[in-house]
Each structure stands twice: as structure tokens, then as C-alpha cells.
A.B. asks: 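Please see the structure below; I have some questions.
We use all heavy atoms of the structure for the numbers below, so side chains are in, but hydrogens, waters and symmetry mates are not.
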Amino acid sequence: MRILFCMSCLLPMSLSAQVSTLEALVETTPIPAGFSDSDDAAIWKHPKDSNKSLILGTSKYDEDGQGGLGVYDLEGRQLQFFAGSKLNSVDIIKNVAVASNRSENALDIYRIRQGKVNFLTRTVLKDSQGKAFEPYGLCLAEAADDDDDVRVYLPTKSGLLYEYTFDDEYQAELEATYDLAALVRPVQDAFIQSVVTKETQAEGEMDELQENLDERFILEGCVFDARTQKLYVGMENFGIWSLSTAAAKPIPKLVIPVQGSWTDIEQWGKPGVPRVTDDIEGMDILHANGRSYLLFSSQGISEFTLYDLTNLTWLGNFKITFGASDAITFTDGLAVQSGALGQRYPEGVLVVHDDENTQPDGTLAPANYKVISLADLWKIFPKTGN
């Protein structure tokens, strides 16, 4: 969900002052069209020369076939753009990239060879009843016992999470369906409905309240931690679920709850209380010192939230800016690559979607992505040792 006005204007100065700010080093070429329509990113690390690594970013602009997939170098220069469809989320395993195609109810599959991205094929999605559905979020996973077995997880607006595999021709085959909405208890549902109502009212869109309530279990962001074989999925208005995919029958468990609505954070956002609000969006895993960290976008307050997954400890929130005039706001997707990535990023890189690409003169350009050094992140949040 996208907020349409200045959230920072609503936050008390005392609360805003507690949140550190990182400076992005690079921004990508804007998408061809759409002032808020970039969404998710993925990073491909070049196997021989990390300076030649690539950033992939989606555009969900849905007019005149100008949405699609952009390919950028680490300096943000556009190298390729695959136009034609409304793409939402993208992820990469090895040399294969997969994007959710909302125009065609499908997955678009790309292969990366010698530093160039090539479109491979498209596979139409069907649910367990053989019906087409619109994909939304997406993340990829490798099975621990088979390097060639790629699994695709698709969170949806209905609260269903689909798991697919590919056959030899990269056609999607449904393996499992998880109904996370059905796991929400009545008292929890009342909380979710309250959060959705507050947000809708604050945005001045009460004519859309019923539609928002109908989609109150919406899922989008997800990420797979290969070290622990756990999947993390964000239910935007409720929190983050975890599934142990190595289990015979994975059981989703809520591990990071939303603490309250961004509309009244001044009431519940006390020191020591995790700043986890509704509108949980993109997420990824950072690895450092043998530990896994979960980073996700708290879109409602235009902040980013970091957790140590070893003991599910909240480490804090931060904001991002680019230059003096461009605060990174309302981020949807993000991507992380841990470890050295070229000379400019000695500890890795963070790429985030920027909803409002503000120019030095105050005007808006089409949306793009901002690139941050993880070395700067670890200056704010010292890494925990083994």
C-alpha cells in the first residue's frame, strides 16, 4: 500500500530524532514512466569481477507497455530494459532471475550470462483449482539437498502463500498452498481491522475502506534464509511470519508482530518498543559474523527496520536520504548483497525503491532505486560476534 502524503510531517520531533539516517551513494536511472511505479530489486554478483555486478529493478507502470524490468550497473546506469508488462517483484538464484508479472498472471524468467540479462520464458500461474491468479510478492529458495531444485514462493493479496517448483522447461508446478489468513485469531483480526481503518481514515480514503478491509491479510514481502532453511513472509498489517521449510509439514508462526498503526505511533512508540508499524513491505537477509539479520521496509513511516534473527532482537530503525533534497520515502522492495561488492562497497550493498524521486529543484522525476553501502549500515548497528 502506498501513502499519498508526507508521513514525516505527522511524526513528533522527539520520535523522529531517535532514528538514524544513512546516505545513499548512488541512484539508478529512473524507470521510463511512472512517478511511483518502481517496486522491487535484486542483485546479481558477478562470479569473477564483483565490480561488474548488476542490479535488477521492476516497474509496475501499467500503461502503454512501459512497465518491465530494468538492469543497472553498480553506478546506477541503465544497461537494459525489458518493457511490456507490469512486473512487481524479482529475485535471483545463481544466474536465474524470476519476476512476478501482474499483467499476465505469470512468472517471467531471465537468464544472466556473461553479465547480460536475457529473457528466457514465461510461465502462467494456476492455483490448486486450476484458476489463474494475480501474483504479487515473490522470493526464491534452493532446497538444502538439491542445488538444482529452485522453489518459488508467492505471497498474495488474499493471505494465501503459494509454493511452486519448475520443471525442465521452467514451467511452474504448484507444490503447496499455505493459508496464513486462516491462522489469524479473532482478537488479532480485530487489531488488523483497527489498523486498516486508522490508516484509511488518515489518508482520507474512507470510500475505499471496505476494499482495504477485504484485503486486510495482504502478503507481499518475503525472503528465504538459506543458512537456516527458514522463509520469512510479511503480512503488511499484522507482522512477519516464519516457516521452517525443512520440516515435513511447515507450520507458519508469527515472529515479528506489528506494534501499532503509524497513525498513532506517538502513543505507543516508546523507547525500547520496536518501531514496527503496518505496511511492512520489502525484506531481505544480511549475513555478518556468522549471523543472519532481517531487514525490512516499514513503509508507513518511511523507515527501515533491522532484526538479529539469532534471538529475534530488534536492533533499531533508520532512514535513508540521497543528497540534500531527496529523502527516500514509502519504500516497497529492497535487496541486499552481503560481502564485498566492488571497491565502493567493501561489506556489501543495499538497494531500495524510492517512491518519490525528488530532484534538487523540488520537482519529481520518475521513480528509481537508491544504493547504500552496508559498511555505513554497520557503523550505526555494530555487528554482533559469533
A.B. asks: Which residues pass the side-chain hydrogen bond (donor to acceptor under 3.5 Å, both in side chains) test with H46, sequence neighbours left out?
C.D. replies: none
A.B. asks: I'd like to check the salt bridge (charged side-chain N to carboxylate O under 4.0 Å, His left out) partners of R227; sequence neighbours left out, ordered by chain and number.
C.D. replies: none
A.B. asks: Going by the ring-ring contact (aromatic ring centres under 6.0 Å, His included) test, which pairs reach into residues 54-95, not counting sequence neighbours?
C.D. replies: F82-Y110
A.B. asks: Going by ring-ring contact (aromatic ring centres under 6.0 Å, His included), name the pairs with one or both residues in residues 345-376, residues two or more places apart or in two chains.
C.D. replies: none
A.B. asks: So do I372 and V349 actually touch side chain to side chain, heavy atoms under 4.5 Å?
C.D. replies: no
A.B. asks: Determine yes or no for a side-chain-to-main-chain donor-acceptor pair under 3.5 angstrom, with D376 supplying the side chain and L22 the backbone.
C.D. replies: no
A.B. asks: For S325, which residues count as a side-chain hydrogen bond (donor to acceptor under 3.5 Å, both in side chains) partner, sequence neighbours excluded?
C.D. replies: none
A.B. asks: Before you tell me yes or no, could you show the steps for W44 and N95 under side chain to side chain donor-acceptor pair (under 3.5 Å), namely the whole-Å CA-CA distance, both residues' side-chain angles and the distance that decides it to 0.1 Å?
C.D. replies: CA-CA 8 Å; W44 176 77; N95 295 320; 2.9 Å; yes
A.B. asks: Given side chains that start at C-beta, do those of M235 and I218 come closer than 4.5 Å, heavy atoms only?
C.D. replies: no
A.B. asks: Which pairs count as ring-ring contact (aromatic ring centres under 6.0 Å, His included) when at least one residue sits in residues 166-202, sequence neighbours excluded?
C.D. replies: F166-Y170
A.B. asks: Does any non-hydrogen side-chain atom of L306 lie less than 4.5 Å from one of L286?
C.D. replies: yes
A.B. asks: Examine L294 and V276 and state if one hydrophobic cluster contains both, with Ile, Leu, Val, Met, Phe, Trp and Tyr joined whenever side-chain heavy atoms are less than 4.5 Å apart.
C.D. replies: yes
A.B. asks: Between V233 and I240, is any pair of side-chain heavy atoms under 4.5 Å apart?
C.D. replies: no
A.B. asks: State, yes or no, whether a side-chain contact exists between R151 and F224 at a heavy-atom distance under 4.5 Å.
C.D. replies: yes
A.B. asks: Determine, using the 4.5 Å side-chain heavy-atom cutoff (strictly less than), whether L180 and V223 are members of one ILVMFWY cluster.
C.D. replies: yes
A.B. asks: Can you list everything that forms a side-chain hydrogen bond (donor to acceptor under 3.5 Å, both in side chains) with S158? Sequence neighbours excluded, please.
C.D. replies: T156
A.B. asks: Sort and list the pairs that fulfil salt bridge (charged side-chain N to carboxylate O under 4.0 Å, His left out) and have at least one residue in residues 20-47, not counting sequence neighbours.
C.D. replies: E27-K370, D39-K60
A.B. asks: Who are the side-chain hydrogen bond (donor to acceptor under 3.5 Å, both in side chains) partners of E75, not counting sequence neighbours?
C.D. replies: R344
A.B. asks: Taking the six-membered ring for Trp and the single ring otherwise, decide whether the centroids of Y153 and Y164 are under 6.0 Å apart.
C.D. replies: no
A.B. asks: Would you mind listing every salt bridge (charged side-chain N to carboxylate O under 4.0 Å, His left out) that reaches into residues 174-187, with sequence neighbours excluded?
C.D. replies: none
A.B. asks: Listed by chain and number, what are the salt bridge (charged side-chain N to carboxylate O under 4.0 Å, His left out) partners of K157, not counting sequence neighbours?
C.D. replies: none
A.B. asks: Enumerate the side chain to side chain donor-acceptor pair (under 3.5 Å) contacts for residues 247-261, please, sequence neighbours excluded, ordered by first and then second residue.
C.D. replies: S261-T263
A.B. asks: Any side-chain heavy-atom pair from V371 and L350 closer than 4.5 angstrom?
C.D. replies: no
A.B. asks: Using modelled atom types only, decide if a donor and an acceptor are shared between the side chain of D167 and the backbone of Q171 within a distance under 3.5 Å.
C.D. replies: yes
